Amino acid sequence: MGKYRKEDIFRIVEEEDVEFIRLQFADMFGMIKNVAITSGQLAKALDNRCMFDGSAIEGFVRVEESDMYLYPDLDTFEIYPWRPQQGKVARLICDVYCPDGSPFEGDPRYVLKRVLKVAEDMGYYFNVGPECEFFLFHTDEEGRPTTNTHETAGYFDVGPIDLAENVRRDIVLNLEGMGFEIESSHHEIAPAQHEVDFQYEKGLKAADNILTFKMAVKTIAKRHGLHATFMPKPKAGVNGSGMHINMSLEDAKGRNLFEDPSDQLGLSKLAYQFMAGILAHIKSMTILTNPLVNSYKRLIPGYDAPVYIAWSLAANRGQLLRIPSTRGSSTRIELRSPDSAMNPYLALAACLAAGLDGIKKQMEPPKAIRQNVFTMSEEELKKEGICHLPETLGEAIEEFEKDDFLKAVLGRHVYTKYLEAKKEEWNEFRYQVTDWELGEYLYKF
């Protein structure tokens with residue numbers, strides 16, 4: 001049974017003096033879009049009769065088939081705590097449907113729901129705990145974002161060295177006001193870099209939460225006169241921002257299926273197979289977990305981000321996949337390559353589908369790497385069978401095109417439109433002449 005019924009939402013809207021409701025959905029790149037309505041139009045919205053022009057959203061539909069409908073997910077109803085307390089603003093996250101009443105296959109949320117249904121049919125329920133990193137920078141005189149900061153704080157520093165401690169606290173309190181369970185928050189390694197970690201949730205809610213989190217962070221940062229960015233690598237010479245994904249499966253009774261106390265590492269056979277599936281598909285998935293040209297500026301040695309396809313135990317944080325030390329109900333796998341620019345619906349759909357593929361095919365992962373991979377020579381890496389992640393968006397595109405498995409996961413529409421967009425982005429980047437090139441070559445040659 002769901003959290004809310006229609007009558008519950010009507011009652012809350014009236015009792016809480018909610019004046020505006022945002023009907024939100026995500027585009028192909030994980031950007032929030034919305035149609036705002038007044039409370040007087042709520043009945044129409046809850047009857048799934050709110051329409052929008054799908055041709056205006058990149059990756060959706062053509063002009064001649066532009067009518068799309070928003071079907072609100074009643075359980076996502078939340079009031080924004082940072083908005084005015086009179087004439088409040090609430091939101092409903094929506095699924096996108098076609099005029100004939102069928103789900104729109106280009107809706108990223110639908111892609112994830114489809115994979116979650118496959119898992120459920122197998123008796124598995126997907127839990128996700130994201131670790132979200134971001135930067136808080138100053139704006140210029142005209143309010144435009146910069147990469148400037150007065151901060152010199154580092155990992156786990158506190159105020160007054162951490163100049164944005166109050167901003168981060170404001171973010172956490174507002175998120176808790178929307179029902180988030182925040183496990184922790186802290187200053188990250190780079191100046192002006194921060195991290196907020198969520199309690200794990202079921203896959204769909206976790207993806208919804210990531211989108212809501214990014215919007216909340218940007219909104220609250222702006223109230224403090226700062227610009228929040230989830231760009232993976234906004235500054236050279238410092239760590240980039242990742243979004244580590246902690247994953248596990250449970251059964252219908254809530255039992256963690258990755259736990260096995262009899263195993264040397266405390267992991268079940270299912271956990272090893274799930275991990276093997278991700279390792280097998282990670283190259284082609286990287287375009288979803290690391291979607292931008294800029295994403296690959298983060299995936300370089302020396303900045304606490306994975307570069308090689310390998311897994312390890314808790315102590316080794318340089319690996320792609322890590323097994324945190326906690327066991328029992330908290331047994332999980334941590335994927336460390338994703339960054340904060342990802343579309344959470346598509347990235348989580350790919351992670352879950354890859355893990356399920358490992359289970360179906362009873363894959364076995366390679367042996368764990370206990371040493372620091374960054375100190376290994378190319379010869380040692382080759383001997384251990386350790387490969388690189390894609391090093392550019394261009395390489396990620398090539399890997400994406402090779403893997404028929406992901407075509408089936410995403411569906412023809414999303415796969416085709418996403419690939420077209422990423423090829424265009426990569427080509428646009430390749431055509432540019434950068435300041436680095438001018439500084440390096442203009443005088444010399």
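Counting from 1, the numbers follow the sequence of the chain as shown. Fair warning: this is a prediction, and the values are worked out from it, not measured in the lab. The figures here come from the full heavy-atom set of this structure, side chains too, leaving out hydrogens, waters and symmetry mates.
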Practice task
Considering only NZ, NE, NH1 and NH2 on the basic side and carboxylate oxygens on the acidic side, decide whether Glu250 and Lys202 come within less than 4.0 Å.
Solution key: yes
Problem - SB check Glu78 Lys3 (cutoff 4.0 Å) - result: yes
Problem - Flag side-chain contact, heavy atom, 4.5 Å: Asp121 against Lys117 - result: yes
Problem - Residues Asp404, Lys407: salt bridge by 4.0 Å N-O rule - result: yes
Exercise for the section: Please answer whether the main-chain N or O of Val238 pairs with a side-chain N or O of Lys233 as donor and acceptor at a distance below 3.5 Å. Expected result: yes
Practice task
Compare all side-chain heavy atoms of Pro291 with those of Lys422 and state whether any distance is below 4.5 angstrom.
Solution key: yes
Problem - Face-on cation placement of Lys6 at Phe10 ring, 6.0 Å and 45° thresholds - result: no
Practice task
Answer yes or no: is there a donor N or O on one side and an acceptor on the other, between the side chain of Arg327 and the main chain of Asp260, under 3.5 Å?
Solution key: no
Fill in the blank from the handout: For residues 168-177, the side-chain hydrogen bond (donor to acceptor under 3.5 Å, both in side chains) pairs (sequence neighbours left out) are Asp162-Arg168, Asn166-Arg169, Arg168-His194, Asp170-Asn174, Asp170-His224
Practice task
May I ask you to test the Leu204-Tyr345 pair for a side-chain heavy-atom distance under 4.5 Å?
Solution key: yes
Problem - Charged N-O contact under 4.0 Å between Asp208 and Lys205 - result: no
Practice task
Verify the distance criterion only: is there a donor paired with an acceptor across the side chains of Thr331 and Asn256 at less than 3.5 Å?
Solution key: no
Fill in the blank from the handout: Given the options Phe135, Phe134, Phe137, Phe230 meets ring pair (Phe, Tyr, Trp, His ring centres under 6.0 Å) only with Phe134
Exercise for the section: Flag the pair Lys44 / Ile37 as yes when at least one side-chain heavy-atom distance between them is below 4.5 Å, and no otherwise. Expected result: no
Problem - Flag, side chain of Gln432 to backbone of Glu428, donor-acceptor distance under 3.5 Å - result: yes
Handout entry: Candidate pair Phe213 and Phe180, rule ring pair (Phe, Tyr, Trp, His ring centres under 6.0 Å), full reasoning
Key = CA-CA 9 Å; Phe213 169 79; Phe180 279 65; 7.2 Å; no
